[in-house]
There are 2 protein chains.
Amino acid sequence: MTIDDAPRDALRGGPRELLRWVATGAAVSRADLSRLSGLSPSTVSQRVEALISQGLLEETGAGRSRGGRRPRQLAVPTGGAVVGAIDLGAHHARVGALDLSGRVVRARTLPVRIEDGPESVLGALLAEVATLVGSDPAASADGSAPGALRGVGIGIPGPVQHATGRIVSPSRMPGWNGFDVAAFCAGRVDVPVIVDNDANLMALGAHRTAHSELDHAVYIKAGTGIGSGVISSGRLHRGAQGSAGDISHCRVVADPAPPCTCGNAGCLEAVASGAALVTALREQGVPVSDLTGVIRLIDDGDRQATALARQAGRAVGEILAVVVNFFNPQVVAIGGRLADCEPLLASMRATLYERCLPLATQTLLIERVAAGQDVGITGAAHLVIDHVVAPA
Amino acid sequence: MTIDDAPRDALRGGPRELLRWVATGAAVSRADLSRLSGLSPSTVSQRVEALISQGLLEETGAGRSRGGRRPRQLAVPTGGAVVGAIDLGAHHARVGALDLSGRVVRARTLPVRIEDGPESVLGALLAEVATLVGSDPAASADGSAPGALRGVGIGIPGPVQHATGRIVSPSRMPGWNGFDVAAFCAGRVDVPVIVDNDANLMALGAHRTAHSELDHAVYIKAGTGIGSGVISSGRLHRGAQGSAGDISHCRVVADPAPPCTCGNAGCLEAVASGAALVTALREQGVPVSDLTGVIRLIDDGDRQATALARQAGRAVGEILAVVVNFFNPQVVAIGGRLADCEPLLASMRATLYERCLPLATQTLLIERVAAGQDVGITGAAHLVIDHVVAPA
DNA sequence: TCACTTCCTTCGACTACAAAACTAAGTCAG
DNA sequence: CTGACTTAGTTTTGTAGTCGAAGGAAGTGA
């Protein structure tokens with residue numbers, strides 16, 4: 001006798017899921033939703049009506065007939081910049097205004113100086129969010145409720161206790177330790193603010209846009225720093241302390257083992273992060289100023305830079321091999337600025353295939369995160385949307 | 001604003017949970033259940049009645065008053081050996097008959113020879129299950145329905161595709177590759193048979209008996225082989241292919257790197273498993289015949305054996321460090337025959353604390369699996385019980 | 001003996017969902 | 001162009017699960 005697993009999601013057919021189906025284009029009519037969700041047509045009608053009255057859904061005329069009455073098309077109100085999102089990085093921040101479907105309405109990249117401290121940095125970014133949301137033509141045109149800001153999601157490049165919104169001993173954010181981001185922001189905007197780690201947000205964004213049908217996924221963010229986000233049973237896995245996915249200080253074999261900002265040596269971050277590559281190249285006498293320079297060198301086929309990228313790829317692969325064996329995900333995707341670095345990717349892949357159980361890699365997808373520079377804010381927006389369309 | 005996470009379990013107050021509360025002794029009366037589950041007294045009464053009529057619960061007279069009417073005590077029908085369980089090991093199998101609360105009613109350890117092949121081994125073990133269940137005094141006394149066998153759970157010391165019940169390229173089970181355990185057993189017993197990896201069953205058993213209030217846990221089984229079981233959000237995490245937790249072939253630093261049965265060298269299993277310790281000691285000229293001998297040597301303080309145990313502990317700790325950083329569990333517990341080996345445990349602990357993020361180890365429990373030799377069959381029984389008390 | 005507590009059940013109401021019947025609006029064959 | 005059929009969506013009605021209030025059962029303690 002064969003036992004199939006418990007249903008993937010007890011929230012089956014919840015308003016959130018209906019909304020997502022419409023947002024992703026999987027469903028266009030009430031009938032579609034009924035088929036997809038397994039709910040009866042009457043129930044779907046009822047729910048849809050509720051969503052419409054909340055301004056979360058709208059009717060957009062009749063669709064094409066498939067041999068019978070034409071469907072009344074549904075859509076998530078688009079163009080309404082109602083969710084703010086900030087994806088804070090080491091040197092830049094991506095700030096955006098997104099609509100309820102998680103689509104980017106308007107976004108900008110701003111230079112930031114983390115070392116200026118949280119008040120200054122976050123203050124400026126929140127102001128930019130307000131500008132982006134406020135400059136919404138739809139809102140200024142009709143000024144109705146659907147155009148109003150519903151929440152702000154913020155991604156931080158360091159450890160965040162999601163539950164409290166507090167930052168805990170970040171390695172590259174001087175002056176931010178213990179800062180309560182959520183509380184600070186709550187004083188500046190009067191909508192819910194959700195704070196999470198940047199890798200988690202990338203994971204959420206990438207999963208929702210590219211792998212929403214997969215249950216278990218791991219996303220690596222390799223930029224200036226290195227981190228990962230975990231999707232388990234379709235949901236973000238944050239772990240006991242909210243530090244799940246933080247593989248930056250796992251030890252890897254490297255000779256000599258480069259010292260890490262954390263005080264140890266041979267950490268993944270000290271070998272495979274963008275910052276590490278910059279440092280290593282400089283020590284070899286190569287004059288690079290930042291990660292962009294390193295990537296250019298690699299693209300140009302520079303021998304030293306390429307060798308370092310390979311080493312970085314092996315290091316990532318080494319850690320990822322343990323993760324894949326242990327967690328057995330359906331997909332491993334790599335994002336961040338180093339994701340476009342072919343030598344790194346290639347040696348990561350090779351190491352992974354070499355060191356994993358055949359069973360674990362047999363159907364494993366190893367990909368690049370597709371969604372580009374907006375994955376982070378997309379993930380942040382999804383977090384907010386999930387919270388706005390609250391219960392189940 | 002602080003956002004609390006989604007409710008841990010949408011199945012809140014399901015019949016399964018009620019049953020578990022009674023089984024664990026957390027609840028004795030309907031009133032207890034109402035308080036624990038948050039359901040209204042009327043709903044609880046209704047559910048309890050249903051469970052009683054299914055024979056899954058029974059009333060056992062009145063309890064002690066707490067200042068008012070005396071509670072009508074509830075209990076899971078005990079003494080009824082209604083679930084069969086087999087925990088197959090490399091040289092021995094633990095076979096048991098358990099009641100609906102997951103308590104062991106009767107159990108035996110049998111020697112097995114894996115190399116005799118699945119038909120022979122499983123045939124004998126199933127026969128033993130029948131004997132243990134059949135010799136139930138309660139069943140023969142009143143012969144009523146509650147005494148009837150409801151299902152059999154089987155743990156296999158190798159990779160199992162839980163969904164199909166098939167064994168996939170096990171490293172130490174010649175003749176078992178591709179064997180469909182579930183189908184074979186289905187032909188011999190007329191109740192559901194559930195097959196899973198032995199480490200998964202240990203994890204389930206240990207979690208249910210000792211850590212049921214924790215969401216995320218990792219259990220290491222270190223015996224002849226080495227494996228792990230993962231609890232994520234309170235549920236067994238099996239991963240995409242059902243191979244999650246199989247860390248036996250993760251590479252660790254070891255010099256020289258001992259060859260592994262899988263063809264590679266330096267696998268965790270080749271360094272830290274019981275089989276590896278036996279092999280290594282023999283190569284050093286120490287005459288040991290099996291794992292029991294090794295453990296005796298270690299307990300006696302033998303220098304060579306202890307050194308190997310330390311090395312094994314470091315190797316486990318090394319892998320576990322990555323796992324803890326990545327998964328951020330609330331507890332890591334070690335079971336299996338090597339769990340009682342102090343030097344191994346000590347160096348595992350040390351390595352873990354040295355290599356993990358402080359945030360991840362700050363509140364991390366590192367323990368020995370408490371439940372003893374019956375954890376496996378207990379886990380198997382729980383799997384069956386969960387399936388019998390089917391939906392939510 | 002009486003007030004009060006605890007335990008549990010009964011009953012009416014509410015909610016979520018579904019099934020069935022129905023309306024609406026189309027296609028297509030003859 | 002007409003009538004049979006299809007698809008889409010609504011309305012009505014029914015059912016199952018849950019809760020709250022009320023009350024009965026069975027105790028304690030002043």
Side-chain angles (χ1 to χ4, degrees), chain A residues 7 9-19 21-22 25-54 56-76 389-392, chain B residues 6-19 21-22 25-54 56-76 389-392:
Chain A
D9 203 345
L11 313 173
R12 198 210 65 176
R16 209 135 84 186
E17 205 163 7
L18 295 188
L19 207 54
W21 272 316
V22 174
V28 167
S29 64
R30 291 165 176 78
D32 287 345
L33 285 175
S34 173
R35 279 186 291 265
L36 279 169
S37 66
L39 293 159
S40 73
S42 48
T43 306
V44 169
S45 266
Q46 210 172 277
R47 294 244 176 128
V48 166
E49 194 162 6
L51 288 170
I52 289 176
S53 77
Q54 287 175 56
L56 300 174
L57 219 49
E58 65 183 12
E59 287 197 0
T60 58
R64 177 177 227 81
S65 164
R66 294 196 303 176
R69 169 176 172 175
R70 288 187 312 208
R72 297 164 62 177
Q73 287 184 301
L74 298 172
V76 174
V389 188
Chain B
R8 160 175 175 175
D9 203 346
L11 313 173
R12 195 210 67 176
R16 209 136 82 188
E17 206 163 7
L18 295 189
L19 206 55
W21 272 316
V22 175
V28 168
S29 64
R30 292 164 176 79
D32 288 345
L33 286 174
S34 173
R35 278 187 292 266
L36 280 170
S37 67
L39 293 161
S40 72
S42 44
T43 306
V44 170
S45 266
Q46 210 172 279
R47 293 246 177 129
V48 167
E49 194 162 7
L51 287 170
I52 290 177
S53 77
Q54 287 175 56
L56 299 175
L57 219 50
E58 63 183 13
E59 286 195 1
T60 58
R64 177 177 226 80
S65 164
R66 295 196 301 174
R69 171 175 170 176
R70 287 187 313 206
R72 296 165 62 179
Q73 286 186 301
L74 299 172
V76 173
V389 188

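Chain identifiers are assigned alphabetically (A, B, ...) following the order of the sequence lines, protein sequences preceding nucleic acid strands; residue numbering begins at 1 within each chain.
Rounded to an integer number of Å, the gap from R72(A) CZ to dT7(D) C1' is 14 Å. One can place CD of E17(A) at 16 Å from C1' of dC17(C), the figure rounded to the nearest angstrom. If you take CG of L39(B) and P of dC8(C), they are 15 Å apart, rounded to a whole angstrom. The separation between E59(B) atom CD and dC7(C) atom C1' is 12 Å, rounded to whole Å. Here dA26(D) presents its P atom at 16 Å from CD of Q73(B), a figure rounded to the nearest Å. Atom pair E49(B):CD and dT18(D):P shows a separation of 15 Å (rounding to whole Å applied). Spacing between atom CG of L33(A) and atom C1' of dA18(C) amounts to 17 Å, rounded to whole angstrom units.
You'll find a donor-acceptor pair under 3.5 Å spanning the side chain of S42(B) and the base of dG20(D), going by distance alone.
With sequence neighbours excluded, no residue satisfies side chain to side chain donor-acceptor pair (under 3.5 Å) with S65(A). S34(B) pairs by the side chain to side chain donor-acceptor pair (under 3.5 Å) definition with nothing, not counting sequence neighbours. Partners of T60(A) under the side chain to side chain donor-acceptor pair (under 3.5 Å) rule, at least two apart in sequence or in another chain, do not exist in this structure. For A26(B), the side-chain contact (heavy atoms from CB on, under 4.5 Å) test picks out W21(B), T24(B), L36(B), with sequence neighbours left out.
Under a cut-off of 6.0 angstrom, the local environment of CD in Q54(B) is crowded, with over 12 non-hydrogen atoms contributed by other residues, nucleotides or ligands.
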Q: For nucleotides 22-30 of chain C, just jot down a letter per nucleotide in 5' to 3' order: B, S or -, based on protein non-hydrogen atoms under 4.0 Å.
A: --BBBS---
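Here R35(A) reaches the OP1 or OP2 of dA8(D): one of its side-chain N or O atoms lies under 4.0 Å away. The side chain of R47(B) places an N or O atom within less than 4.0 Å of a non-bridging phosphate oxygen (OP1 or OP2) of dT18(D).
Relative to the side chain of R30(A), the nucleotides dG17(D), dG9(D), dC7(C) differ in distance, and dG9(D) lies closest. For T43(B), the listed nucleotide lying nearest its side chain is dT18(D); candidates were dC17(C), dC8(C), dT18(D). With distances taken from any side-chain atom of Q46(B) to the nucleotides dC17(C), dC8(C), dT18(D), the minimum falls on dT18(D).
Residue pairs satisfying the salt bridge (Lys or Arg N to Asp or Glu O under 4.0 Å) criterion with at least one member in residues 30-40 of chain B, sequence neighbours excluded, are listed as follows: R30(B)-E59(B), D32(B)-R35(B).
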Q | Audit row: R47(B), L33(B), side chain to side chain contact (heavy atoms under 4.5 Å, CB included) steps and yes/no | A | CA-CA 10 Å; R47(B) 293 246 177 129; L33(B) 286 174; over 6 Å; no
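Each of A31(B) and S40(A) has a nearest nucleotide on DNA chain C; the 5'-most of these lies closest to A31(B).
P71(A) comes within 4.0 angstrom of the backbone, heavy atoms only, and of no base.
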